[in-house]
**Student:** 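This is the structure I have questions about; it appears just below.
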Amino acid sequence: MFDERFRDILEAYEPGLFFQDVVLIHKENALQFQYVHTLMEQVDAASDKTEYYPNGTVKRLVLDHEKIGRHHLFLLNGNHRKDPVVSLALAESLLRRRPAGICFEEVEVE
């Protein structure tokens with residue numbers, strides 16, 4: 001889920017995203033918080049250089065630039081983590097707006 005103010009940014013980088021409004025209500029404090037939820041495309045972007053632990057979890061994730069294509073926001077297809085992957089340009093655009101509750105982790109791209 002994203003804050004409503006990020007909707008235009010996400011759509012600018014990834015046209016055609018489907019957004020659904022979500023309202024969270026805190027009854028005790030009589031507060032409402034508006035967010036948007038988006039369904040992201042799953043892309044098989046893992047490179048052959050990705051390293052795995054014996055149990056199949058990812059040890060070192062490497063993404064393939066060709067497989068990513070023009071995507072700026074997507075989920076990895078397969079047995080990988082289900083965290084959203086964002087391009088550097090989108091991450092920088094989001095960070096300029098001082099988001100709360102989001103953490104970026106660098107991933108190697110070949």
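The analysis underlying the following values was restricted to heavy atoms, covering all of them including side chains, and did not include hydrogens, waters or symmetry mates.
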**Student:** In chain order, what residues pass the side chain to side chain contact (heavy atoms under 4.5 Å, CB included) check against V109, with sequence neighbours excluded?
**Tutor:**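 Partners of V109 by the side chain to side chain contact (heavy atoms under 4.5 Å, CB included) criterion, ordered by chain and then number, come out as L63, H65, I68.
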
**Student:** Who pairs with R98 by side-chain hydrogen bond (donor to acceptor under 3.5 Å, both in side chains), at least two apart in sequence or on another chain?
**Tutor:** none

**Student:** So how far is it from L61 CG to E106 CD, rounded to the nearest 0.5 Å?
**Tutor:**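 Nearest 0.5 Å value for the CG-CD distance: 11.5 Å.
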
**Student:** Does L88 sit in a hydrophobic cluster with other residues, and if so which ones, taking ILVMFWY side chains as linked at heavy-atom separations under 4.5 Å, directly or through other members?
**Tutor:**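 None; L88 is a cluster of one.
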
**Student:** Pairs of donor and acceptor atoms involving the side chains of residues 20-29, under 3.5 Å and at least two apart or interchain, shall be tabulated with distances.
**Tutor:**
residue	atom	partner	partner atom	Å
D21	OD1	R7	NH1	3.1
H26	ND1	N29	N	3.1

**Student:** Quick one: does any side-chain atom of K67 pair with a main-chain N or O of S47 as donor and acceptor, under 3.5 Å?
**Tutor:**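 Here the side-chain-to-backbone pair does not exist.
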
**Student:** What is the distance from atom CD of E14 to atom CZ of R70, rounded to the nearest 0.5 Å?
**Tutor:**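 Answer rounded to 0.5 Å: 10.5 Å.
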
**Student:** Which Ile, Leu, Val, Met, Phe, Trp or Tyr residues join V86 in one cluster when any pair of side-chain heavy atoms under 4.5 Å counts as a link?
**Tutor:** F2, F6, I9, L10, Y13, L17, F19, V36, M40, L73, L75, L90, L94, L95, I102, F104

**Student:** Please check: side-chain N/O of R5 versus main-chain N/O of R97, any donor-acceptor pairing under 3.5 Å?
**Tutor:** yes

**Student:** Surrounding CD of Q34 (heavy atoms of other residues, nucleotides or ligands, distance under 6.0 Å), is the total greater than 12?
**Tutor:**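 Not buried by this count: 12 neighbours or fewer within 6.0 Å.
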
**Student:** Between N77 and V43, is a side-chain contact (heavy atoms from CB on, under 4.5 Å) present by the stated rule, with each step listed?
**Tutor:** CA-CA 5 Å; N77 195 14; V43 178; 5.9 Å; no

**Student:** With sequence neighbours excluded, tell me which residues meet side-chain hydrogen bond (donor to acceptor under 3.5 Å, both in side chains) with D83.
**Tutor:** R81

**Student:** For the atom pair NZ (K59) and OG1 (T50), what is the distance rounded to the nearest 0.5 Å?
**Tutor:** 12.5 Å

**Student:** At what distance, to the nearest 0.5 angstrom, does CD of E41 lie from CZ of F18?
**Tutor:**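 Here the rounded value is 15.5 Å.
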
